[in-house]
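Because only heavy atoms are used, hydrogens play no part in the values below, and waters and symmetry mates are left out as well, while side chains stay in. Start at 1 with the first residue, then count along the sequence.
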Amino acid sequence: MTAALAAAAFVGPTVLGQPAAWAGVRHGGVVDEQPVSSTPHVLDGRVKAVAPVGDLVVVAGRFDRVAAPDRNETVDRHNVFAFDRSTGEISDDFAPDVDGTVTSAVPGPGGGTVHIAGRFDRVEGENLRGVALLSTGDGDPVDSFDAGVAGGSVYRADAYGGHLYLGGSFDSVGGAPRSGLARVDRRTGAPDPGFDVSPGEARRGSLRVHELAISPRGDRLVAAGTFTRVDDRRRYQIAVIDTAARPAALADWSTESYAAPCDYSRLHTYMRRIDFAPDGSYFAVVTAGGPENKPGLCKTAARWETYAGPGAEPTWVNHTGGDSLYAVEATGAAVYVGGHQRWMDNPDGDHDAGPGAVERSGIAALDPRTGRALAWNPGRKRGHGAEALTSAPEGLYVGSDTTGLAGTYRGRLGMFPLPWPRL
């Protein structure tokens, strides 16, 4: 599938000449079990984010060396690079020098830019702590954007309309007090005075928003992290914010399901990734956990109805039986999960296969209605785990810290294509 066809196939809201959020990508079926051979190889470190942006795919994480799809050429790339969406050719023009880990990549305004966020201080020698807007043409920072993040790092970013949402450990943005959660202008980075929602009271360690996701319609933001209260109301590790309200306000959605201390003291939060269904009706959450298997929602994937209200309970839960999950992507046809799991459908397992468990090494597809594992089972070398799952009209991109995907060598990056027709 060419990049032009892929772009044309996108279904979802647009703003500023481009898709508003990749959460709107819907698949008509499950992707193939064999990855394409045209993606580059990341030779060290970890891939933490993958973002298709126009004709390019931007890959981010913590790494220094990248090889061409045929491995005949190797280039230096520091924590972010891009490749041609159709051919896999590594971009010579987009090669910014970022001095720390990049944990998020989000398409930027205008169709030729990308936001990166993470635990870094400088990009191309410029002081741009935690978040930057880069030109995909030359990799340079866009001069008009400076969010002025201070007092900590950015862990996750997402975008809708003219807004960029930031979650992290910071205490101010653009000089405005913001406790780990902010909304800024996508073009300038200026903080939005209409969004001042304050997480507080960390369950352990420092206060931070570890993950966030904006709905395809832009009316709900789900945030997760170490907090136990938001705007002085109890919200234990997870909260839903009504972003359509003026000003934005905490929604009445709440749950106590993530209050169980099923992790261990060194893990400040066991919440990991969140993704909305393409129609926005539900979102999926995956979690990590401690070495022991305890009651609660550690090491699970769960579906939550977006507009459920107070005291929400999960529609379904799928347990790994003792292994952490780090990534999730809902496409309508499947809820894909990645981590270092060995099994799914394993509620009675304790680091072994309990009754009814199915083997799923490092990656799996779940039925969106029931939560049960689908037959799709390509497998991947487990390592620490897959931390990036991104759907696009052409298929599902996977980023991790290992080189084995579906029994083939794919260096920390791969893409499972959709069978024709794509959508």
Any donor-acceptor pair under 3.5 Å from N346 side chain to T320 backbone | yes
Who are the salt bridge (charged side-chain N to carboxylate O under 4.0 Å, His left out) partners of R71, not counting sequence neighbours?
-> none
Donor-acceptor under 3.5 Å (E33 side chain, A406 main chain) | no
Residues forming a side-chain hydrogen bond (donor to acceptor under 3.5 Å, both in side chains) with T243, sequence neighbours excluded | none
Scanning both residues in full, the closest heavy-atom pair of G280 with Y307 reads O-CE1, 4.2 Å
By side-chain hydrogen bond (donor to acceptor under 3.5 Å, both in side chains), which residues pair with T408, not counting sequence neighbours?
-> none
Can you see which heavy atom on G28 is nearest to which on A333, and at what distance?
-> C-CB, 4.3 Å
D345: what forms a side-chain hydrogen bond (donor to acceptor under 3.5 Å, both in side chains) with it, not counting sequence neighbours?
-> N318
Between the CZ atom in R156 and the NZ atom in K48, the distance rounded to the nearest 0.5 Å is 8.0 Å
Ion pair check, E394 and R85, cut-off under 4.0 Å = yes
R272 and E211: CA distance, side-chain angles, deciding distance, salt bridge (Lys or Arg N to Asp or Glu O under 4.0 Å) verdict = CA-CA 7 Å; R272 284 301 175 260; E211 167 68 344; over 6 Å; no
Can you spot which of M271, R204, H268 makes a side chain to side chain contact (heavy atoms under 4.5 Å, CB included) with D263?
-> R204
Drop me the distance from M344's CE to L325's CG, to the nearest 0.5 angstrom.
-> 5.5 Å
Donor-acceptor contacts under 3.5 Å from residues 36-44 side chains, at least two apart:
residue	atom	partner	partner atom	Å
T39	OG1	R410	NH2	3.1
H41	ND1	G411	N	2.9
H41	NE2	P69	O	3.0
D44	OD1	D64	N	3.0
D44	OD1	R65	N	3.2
D44	OD2	D64	N	3.2

Show your working on ring pair (Phe, Tyr, Trp, His ring centres under 6.0 Å) between F283 and W253 and close with a plain yes or no.
-> CA-CA 13 Å; F283 56 90; W253 189 101; 5.6 Å; yes
Of all heavy-atom pairs linking A312 and A308, the shortest is CB-CB, 3.9 Å
Can you tell if the side chain of V25 reaches within under 4.5 Å of the side chain of T390, non-hydrogen atoms only?
-> no
Acceptor/donor pairs from residues 170-181 side chains to any protein atom, 3.5 angstrom cut, sequence neighbours excluded:
residue	atom	partner	partner atom	Å
R178	NE	F195	O	3.2
R178	NH2	D192	O	3.2
R178	NH2	F195	O	3.4

Could you note down all residue pairs passing side-chain hydrogen bond (donor to acceptor under 3.5 Å, both in side chains) where residues 359-372 supplies at least one of them, sequence neighbours left out?
-> D367-R369
Spell out, as yes or no, whether a donor-acceptor pair under 3.5 Å connects the side chain of T403 to the backbone of Y409.
-> no
Would a distance-only check, ignoring hydrogens and angles, find a side-chain to backbone donor-acceptor pair under 3.5 Å from N79 to G100?
-> yes
Just by modelled atom types, is the S169 backbone N or O under 3.5 Å from a matching donor or acceptor in the S153 side chain?
-> no
Below 4.5 Å, heavy atoms only, C-beta onward: do L212 and L221 meet side chain to side chain?
-> yes
Answer yes if the ring centres of F81 and F63 are under 6.0 angstrom apart, and no otherwise.
-> yes
D99 side, atom CG; H78 side, atom NE2 - distance, nearest 0.5 Å | 11.0 Å
Pairs in or reaching into residues 365-398: which pass ring pair (Phe, Tyr, Trp, His ring centres under 6.0 Å), with residues at least two apart or in two chains?
-> Y326-H384, Y336-W376, W376-F416
R203 and T228: side chain donor to acceptor below 3.5 Å = no
Heavy-atom closest pair (A60 atom, V102 atom, distance to 0.1 Å) is CB-CG1, 3.4 Å
Under 3.5 Å donor-acceptor, T331 side chain and H27 backbone | no
V80 vs P96 side-chain heavy atoms within contact, under 4.5 Å = yes
Restricting to pairs with a member in residues 104-128, which pass salt bridge (Lys or Arg N to Asp or Glu O under 4.0 Å), not counting sequence neighbours?
-> D121-R129
Hey, does L366 have a side-chain heavy atom less than 4.5 Å from the side chain of V337?
-> yes
Which distance, rounded to the nearest 0.5 Å, do you find between the OG of S198 and the CG of L207?
-> 9.5 Å
Minimum heavy-atom separation for A365 to A334, with atom names?
-> CB-CB, 4.1 Å
If you round to the nearest 0.5 Å, how far is CD1 of I214 from OH of Y160?
-> 8.5 Å
The side-chain contact (heavy atoms from CB on, under 4.5 Å) partners of A386 (sequence neighbours excluded) come to R380, V398, S400
Donor-acceptor pair, R229 side chain versus D232 backbone, under 3.5 Å?
-> yes
With sequence neighbours left out, the residues meeting side-chain hydrogen bond (donor to acceptor under 3.5 Å, both in side chains) with D231 are none
Salt-bridged, D185 to R187, with N to O below 4.0 Å?
-> no
Check ion pair D401-R382 (N to O, under 4.0 angstrom) = no
Contact check, side chains of V114 and F94, non-hydrogen atoms, under 4.5 Å = yes
Show your working on side chain to side chain donor-acceptor pair (under 3.5 Å) between D279 and S281 and close with a plain yes or no.
-> CA-CA 6 Å; D279 66 1; S281 63; 2.8 Å; yes
Distance-only criterion, 3.5 Å: show the donor-acceptor pairs between side-chain atoms of residues 298-305 and protein atoms not counting sequence neighbours.
residue	atom	partner	partner atom	Å
K299	NZ	G290	O	2.2
K299	NZ	G322	O	3.3
T300	OG1	L297	O	2.7
R303	NE	E305	OE2	2.7
R303	NH1	P368	O	2.8
R303	NH2	E305	OE1	3.2
R303	NH2	E305	OE2	3.3
W304	NE1	Y258	OH	3.0
E305	OE2	T315	OG1	2.5

Shortest non-hydrogen contact between G137 and D93, atoms and distance | O-CB, 3.0 Å
OG1 of T287 to OH of Y270, rounded to nearest 0.5 Å, is 7.0 Å
State whether the side chain of T269 and the backbone N or O of G225 hold a donor-acceptor pair below 3.5 Å, judged by distance alone.
-> yes
Do V123 and D97 come close enough that some side-chain heavy atom pair is under 4.5 Å?
-> no
Apply side chain to side chain donor-acceptor pair (under 3.5 Å) to the pair R220 and T306, showing each step before the final yes or no.
-> CA-CA 8 Å; R220 291 294 186 271; T306 303; over 6 Å; no
